[in-house]
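Reminder, nothing fancy here: chain letters follow the sequence lines and each chain counts from 1.
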2 protein chains.
Amino acid sequence: MSSLKIASWNINSVRARIDIVRQFLEQEQPDILCLQETKVRDDTFPFTMFRELGYDHFELKGQPMHHGVAIISKLPLHDSGRHDWQDNGEARHVGVRLDCGIRLENVYIPAGGDIPDRTVNTKFGQKLDFLERMIAWSAELKEPTLLVGDFNIAPLECDVWSHKQLLDVVSHTPIEVETLGRLQASHDWVDLGRHFYPAPARLHTWWSYRSPDFTANDRGRRLDHMWASPDLAKKATGHYICEPCRSWIKPSDHIPLVTVLDV
Amino acid sequence: MSSLKIASWNINSVRARIDIVRQFLEQEQPDILCLQETKVRDDTFPFTMFRELGYDHFELKGQPMHHGVAIISKLPLHDSGRHDWQDNGEARHVGVRLDCGIRLENVYIPAGGDIPDRTVNTKFGQKLDFLERMIAWSAELKEPTLLVGDFNIAPLECDVWSHKQLLDVVSHTPIEVETLGRLQASHDWVDLGRHFYPAPARLHTWWSYRSPDFTANDRGRRLDHMWASPDLAKKATGHYICEPCRSWIKPSDHIPLVTVLDV
DNA sequence: GTGTCGTAGG
DNA sequence: CCTACGACAC
């Protein structure tokens with residue numbers, strides 16, 4: 001029995017953010033870091049800093065301009081898989097198996113555009129379709145799995161700064177919440193955030209860049225999540241968010257999430 | 001009789017370079033700073049840092065994308081003028097009069113493109129024409145004047161890392177050197193650089209960004225100059241270049257020049 | 001190499 | 001607000 005610390009962070013460009021990624025790793029010392037929105041091709045991924053800190057194992061799924069996910073680890077990674085559920089070339093998923101037997105699945109669910117109507121905004125339809133394809137995949141999972149990433153959905157009323165004002169804002173619409181609910185049900189996923197901090201605790205993971213005084217009005221949302229298979233959830237001994245990272249210099253608009261497992 | 005310290009620097013974007021401009025001002029504490037290639041519109045000029053350091057007087061001539069010159073001063077500035085000698089809207093000159101009676105003229109002479117042939121490269125023709133118009137202007141100057149800026153010409157053999165290899169490279173061609181010579185003759189300008197460091201002393205003010213190890217082979221050129229009216233030159237008590245600035249983080253490709261006058 | 005800008009995406 | 005990219009200039 002040993003302790004395993006896993007972090008997840010939408011980094012909004014791993015190259016532009018390399019200094020705060022280092023700062024986070026030095027401070028939290030996770031065994032594994034899952035990144036979303038790396039915005040880098042695999043052949044220009046900034047390996048050096050990670051290797052300097054003892055992270056020698058990488059599973060990358062990048063693309064030229066947008067999206068991009070990565071798993072960066074001090075521990076060996078096996079049986080990596082990259083789902084392109086919508087067969088559109090977008091780099092939104094990478095998964096691995098760890099020596100301890102658990103699978104780690106890192107996903108960046110589409111943001112979904114501005115207008116929450118699939119008839120006028122194809123991106124919103126793509127987001128819902130992406131979730132449907134994840135549901136089919138998730139229902140078949142057999143191994144104990146940690147599913148982490150930027151889900152771009154804040155499901156509960158207390159997951160946004162104003163439930164009423166965000167009911168028609170992409171990320172908190174009823175159709176998204178309902179679809180995410182079916183994804184959760186498809187594997188009986190345990191939402192570790194709410195497992196450790198039951199509603200209505202405040203647990204925001206994202207604040208828009210567009211209000212520079214984001215701490216003043218605190219208009220955040222919980223868009224990032226870590227979900228565990230039911231049996232695996234019992235092994236989670238700790239879970240927390242790293243809110244101070246949002247105030248670091250040149251921050252990401254998202255903050256890191258951390259889960260500690262006894263494995 | 002008091003001492004007046006004037007600096008000139010092609011800064012290659014005053015906004016991108018704001019930290020090293022502050023570092024330079026704190027270190028050298030000039031009374032007046034002349035900048036070229038500010039690359040900023042006058043309405044978005046970064047006044048704040050300069051005011052924090054006691055520079056309350058500004059004469060700006062900016063434009064949206066390229067070029068742009070500025071005079072930033074602890075001392076009052078009067079009778080400002082902006083010549084657009086070629087009437088093409090390019091922000092390449094600003095001049096002022098100081099309380100001590102001398103005029104300060106800050107100019108950014110066109111680079112002139114890659115090919116030193118005015119029949120195939122209109123930019124080279126524009127550079128020579130710009131010099132001709134400066135000659136006509138300079139010949140009529142009556143006040144004691146300090147003419148500073150990025151002249152984009154290295155006139156002497158010792159002003160470039162290899163006279164032979166640069167004879168056909170824009171900035172050191174015979175026609176440019178001859179034309180700059182006539183500009184100098186038109187007012188009997190004293191080249192303060194060579195006044196204080198006679199040829200063949202090394203006195204480079206620019207090193208290309210394209211060789212990252214610029215200190216290794218030292219392929220520099222003396223493109224930046226400070227010229228004084230004959231009588232004013234007698235009042236120059238010091239002159240130097242600030243070569244370490246080329247090694248600062250996020251440097252300009254040019255270094256600052258400094259002249260001290262007893263006025 | 002290192003800026004500017006416009007466009008696209010968040 | 002913040003990023004990436006591509007075109008252009010130096």
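Applying the side chain to side chain donor-acceptor pair (under 3.5 Å) test between A:Asp159 and each of A:Arg194, A:His204, A:Arg221 identifies A:Arg194 as the sole match.
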**Prompt:** Do B:Leu104 and B:Val148 pass the side-chain contact (heavy atoms from CB on, under 4.5 Å) test, and can you show the C-alpha distance, the side-chain angles, and the key distance before you say yes or no?
**Reply:** CA-CA 8 Å; B:Leu104 179 57; B:Val148 310; 4.2 Å; yes

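We find that B:Lys164 and B:Glu157 are not joined by a salt bridge, their nearest charged nitrogen and carboxylate oxygen being 4.0 Å or further apart.
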**Item:** Where protein sits on nucleotides 4-10 of chain C, one letter per nucleotide: B base, S sugar-phosphate only, - none, heavy atoms under 4.0 Å
**Value:** BS---SB

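Considering CG of B:Leu60 and CZ of B:Phe45, their distance stands at 5.0 Å, rounded to 0.5 Å.
As rounded to whole Å, 13 Å separates atom P of C:dG3 from atom CG of B:Asn10. Distance, B:Ile11 CD1 to D:dC10 P: 18 Å, rounded to whole Å. In this structure, A:Gln36 atom CD and D:dT3 atom P are separated by 18 Å, rounded to whole Å. Separating the CD1 atom of B:Ile115 from the C1' atom of D:dA9 is a distance of 14 Å, rounded to the nearest angstrom. We find that CD1 of B:Ile109 is positioned 15 Å from C1' of D:dC10, with the value rounded to whole Å. For the pair B:Leu35 CG and C:dG3 C1', the interatomic distance rounds to 15 Å; values are reported in whole Å. Between B:His254 atom NE2 and C:dT2 atom C1' there is a gap of 12 Å when expressed in whole angstrom units.
In this structure, B:Lys250 does not reach the C:dG1 phosphate: none of its side-chain N or O atoms is under 4.0 Å from OP1 or OP2.
For residues 44-53 of chain B, the salt bridge (charged side-chain N to carboxylate O under 4.0 Å, His left out) pairs, not counting sequence neighbours, are B:Arg22-B:Glu52.
Taking both residues in full, the closest heavy atoms of B:Ile153 and B:Leu180 are given as CG2-CD2, 3.7 Å, listed atom of the first, atom of the second, then distance.
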